[in-house]
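The block underneath contains the structure these notes are about, expressed in structure tokens.
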Amino acid sequence: MISWLSDFFSISCVPAFLIFSASVFAQPIVIGSKKFTESYVIGEIAKHVLKDAGIPAEHRQGMGGTIILWQALRGGQIDAYPEYTGTIAQEILKTDRALSLNEIRDALMKFGVGTTESLGFNNTYALVMRRSEAQQLGLRTIGDLRNHPELRIGLTHEFLDRRDGWQPLRDRYRLPQQNVMGIDHALGYAALANGSIDVKDAYSTDAKIADNDLVVLDDNLKFFPNYDAVVLFRLSVRPDAIAALRRLERTLDEKRMTTLNAEAERTKNYTRAASLYFASDTNSATSVFGESFTHKLSRWTLRHLQLAGASLALAVLIGIPLGIVASRGGPVGHTILGFAGVVQTIPSLALLALLVPVPFFGISVRTAIAALFLYGLLPIVRNTASGLQDIPRSLRESAIALGLSPAARLWQIYLPIASRSILSGIKTSAVISVGTATLAALIGAGGLGEPILSGLNLNDHITILEGAIPAALLALIVQWLFDLLDRVLIPKGLRL
Amino acid sequence: MSALVELVEVSKRYTGAPALHPINLSVAREKTMILIGPSGCGKSTLLRLIIGLVEPDSGTITFNGSQTTPANIDMLRRRIGYVIQEGGLFPHLTARANVLLMAHHLGKSQSEMRTRLTELCELTRFSGTLLERYPLELSGGQRQRVSLMRALMLSPELLLLDEPLGALDPLVRAALQKDLKEIFTRLRQTVLFVTHDLAEAIYFGDEIVLMNEGRIVQHGSIADLREKPASPFVSEFINAQRGLADLRVESGKQETGKETSHPHLETRNPETNI
Ligand SMILES: Nc1ncnc2c1ncn2[C@@H]1O[C@H](COP(=O)(O)OP(=O)(O)O)[C@@H](O)[C@H]1O
Ligand SMILES: [Mg+2]
């Protein structure tokens with residue numbers, strides 16, 4: 001009679017938990033990257049030089065902007081990420097002066113962070129326009145914008161906020177434009193192409209500039225500092241890893257980087273674009289690094305199931321006992337139900353964001369699982385409590401009057417009678433977990449959210465669907481599996 | 001021989017008016033004692049006190065010479081059978097599992113349980129082929145027979161029956177009344193039987209305890225109650241019920257000469273399906 005519950009644990013949750021633990025306890029070098037193509041590509045290249053040196057490495061793609069990556073590096077959630085000297089000076093060291101690489105290296109030392117030499121190219125900020133419009137209006141430099149206050153400008157949120165971004169640029173050039181909006185980088189190119197905006201910020205090695213027939217406005221007042229690409233790393237990582245990363249120094253010029261970016265945008269396959277870096281001739285070695293779609297899909301799906309499975313297992317293991325306590329009512333019971341209810345009202349994105357600054361969590365798989373777990377808790381706690389409370393008094397009293405011990409009453413009588421309600425709580429929780437796990441990609445925890453997120457970043461619908469369709473299917477399958485489980489786990493006498 | 005159960009100055013109130021004023025009651029061995037009285041007079045409360053579902057506010061309850069305490073109550077419960085109107089069968093267990101639940105819990109041997117189950121089926125006239133059914137697959141009368149088997153499984157010294165036939169239709173009820181009476185006699189069972197039906201009380205009872213508003217109004221034989229009513233309430237209660245019983249008898253054109261003959265059921269089958 002007790003077996004219905006223990007069977008359930010052993011069948012559905014334990015394997016997922018084990019797989020998950022095994023993957024967490026391996027200790028690879030973790031490379032992070034920012035949310036744009038070039039950062040993805042350099043991240044992939046860095047991962048491969050490490051792997052070539054026999055060092056296990058993984059790459060968390062597109063984790064966010066400068067501050068998120070810098071915090072993650074300092075907090076140890078990642079070990080290295082690609083950065084630019086101008087950004088380090090302005091955003092991290094908060095100085096308005098141009099710094100030499102040696103000055104930067106000294107300043108970063110006190111954070112326990114080191115830097116490679118320049119990778120070989122300067123990816124400075126630039127303002128870009130449609131070539132046709134620029135020619136029509138006779139615009140060549142940023143200064144020329146002063147004569148056209150009617151132009152609509154769309155800027156990335158990071159550029160709007162940066163110390164070397166929009167505000168000081170506008171002051172320096174005394175630009176009159178009022179119509180300035182914040183827009184995602186990839187979406188901004190689409191907006192530029194269809195004429196919703198006229199000017200946007202870009203990186204000088206952006207492949208989209210050539211692809212979309214855009215022109216770079218000349219920085220005639222030399223406002224933008226140098227943005228030499230480097231890789232930042234924690235000084236505490238294994239020395240052979242640092243040595244491997246330093247092999248990238250001075251190996252990428254602007255032309256080469258632009259080519260790799262273009263390849264990445266064209267194929268949506270960063271691994272493959274990165275592999276071009278290693279190929280001495282462009283026609284060889286691409287397949288060595290290229291990951292097939294089925295392989296990627298199974299990797300995303302497996303990780304997705306690990307995240308959802310581990311959080312569901314935790315929610316079951318903790319939610320049912322909490323529900324049992326809550327079913328007894330009183331202040332403790334009300335507190336438990338109240339807490340679980342409040343957690344549920346926090347938007348899932350906000351819950352992730354709230355956990356990231358907590359020391360133990362940060363940017364990690366742990367955080368994703370903790371958030372999914374908290375999210376899945378309420379349905380289980382509430383259904384366990386209400387399932388138990390709904391047991392008629394005559395049945396409770398019969399169990400007591402027989403002289404059954406309290407434990408036997410709970411396991412043999414109360415929980416089985418409440419099993420339908422408990423199981424439907426677990427089902428709700430599982431479906432929520434599978435759906436919400438797509439957000440885990442936001443903090444680099446992987447899963448089917450990964451293609452959805454890169455698709456959003458790149459404004460690429462096919463890539464979005466590569467994640468969205470399997471995620472939706474998975475939710476349906478989970479629902480269907482639980483309908484089957486109902487028949488196995490709910491005692492026959494309750495299904496009549 | 002001393003009484004099996006002894007209540008001394010036992011009182012109980014939930015909220016509001018007392019459900020039971022301090023009462024004294026001895027339940028004699030091997031007899032059927034009837035608790036009767038209007039709804040809400042405290043009959044169920046009295047049984048629930050004995051089996052420890054509620055604790056008394058004052059007074060002591062003694063079972064077979066030992067006072068019931070929270071520490072020994074689970075041991076005592078296993079020596080008492082308890083059947084309620086709703087049956088109290090667990091819906092997720094088959095009839096067999098319901099009956100054997102406590103025996104399992106106490107680690108009785110398979111053969112012992114099998115023998116006892118056969119005995120009980122025969123005793124309660126419950127068909128063994130129905131044992132694998134779930135409560136929802138049984139009729140109301142069959143469910144009460146299973147409830148009775150479960151209560152009798154460990155050969156309890158005391159049987160507490162709280163309106164066990166109250167939810168059954170008249171024919172089924174009559175059949176069960178007959179069978180119950182025979183079982184009590186065969187087992188020489190000590191029974192405390194709650195009913196609000198005077199005809200049922202007269203049919204079963206050696207001793208009748210009439211209650212009203214949390215007090216015992218009169219305790220004696222039916223003849224005592226009829227001939228020497230302790231208060232106007234006693235006569236009122238008996239006359240009201242007698243009126244009903246007479247009506248029933250007339251419409252059924254039955255003979256009610258002997259007090260112990262059954263008013264509704266004269267023929268019976270060796271194994272019943274109700
Ligand atoms: N759990 C309870 N909480 C509050 N009052 C109760 C409870 N159980 C019974 N009572 C009250 O106690 C009185 C006696 O009830 P009960 O013993 O069930 O009467 P009877 O079985 O004779 O109909 C009634 O007034 C009833 O409303
Ligand atoms: Mg009652």
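Below, chains carry the letters A, B, ... as their sequence lines are ordered, and counting in each starts from 1.
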Item to check | Check: His92(B) side chain, Gln412(A) main-chain N or O, donor-acceptor pair, under 3.5 Å | outcome: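 Yes, the answer is positive, given that a donor and an acceptor are paired below the 3.5 Å cut-off.
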Checklist entry - Would the number of heavy atoms belonging to other residues, nucleotides or ligands and lying under 6.0 Å from CD of Glu397(A) be above 12? => result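 Buried by this count: over 12 neighbours within 6.0 Å.
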Checklist entry - What part of Arg48(B) is in contact with chain A, defined as an atom under 4.5 angstrom from a non-hydrogen atom: side chain, backbone, both or neither? => result side chain
Item to check | Segment of Leu76(B) engaging chain A (4.5 angstrom heavy-atom cut-off) | outcome: neither
Checklist entry - Which value, rounded to the nearest 0.5 Å, describes the distance between Leu93(B) atom CG and Ile413(A) atom CD1? => result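 That separation rounds to 5.5 Å.
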Checklist entry - Say you draw a straight line from NZ of Lys492(A) to CG of Leu136(B); how long is it, rounded to the nearest 0.5 Å? => result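 Here the rounded value is 10.5 Å.
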Checklist entry - Do you know which of Ala401(A), Pro392(A), Ser405(A) has the most heavy-atom pairs with chain B at a distance under 4.5 angstrom? => result Ala401(A)
Checklist entry - Going by heavy atoms in the side chains, are Arg150(B) and Leu402(A) under 4.5 Å from each other? => result yes
Item to check | Arg393(A) versus chain B, the contacting section by heavy-atom distance below 4.5 Å | outcome: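 Just its side chain gets close to chain B.
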Of all the heavy-atom pairs spanning [X] and [Y], show the shortest one and how long it is.
X: Pro91(B); Y: Ile417(A); answer: CD-CD1, 3.9 Å
X: Ile400(A); Y: Arg77(B); answer: O-CD, 3.2 Å
X: Phe90(B); Y: Leu395(A); answer: CE2-O, 3.4 Å

Checklist entry - Based on non-hydrogen pairs under 4.5 Å, which of Met75(B), Gln85(B), Met153(B), Glu137(B) is most in contact with chain A? => result Glu137(B)
Item to check | Ser398(A) and its side-chain contact (heavy atoms from CB on, under 4.5 Å) partner, picked from Ile84(B), Leu101(B), Val83(B) | outcome: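 The residue from Ile84(B), Leu101(B), Val83(B) that satisfies side-chain contact (heavy atoms from CB on, under 4.5 Å) with Ser398(A) turns out to be Ile84(B).
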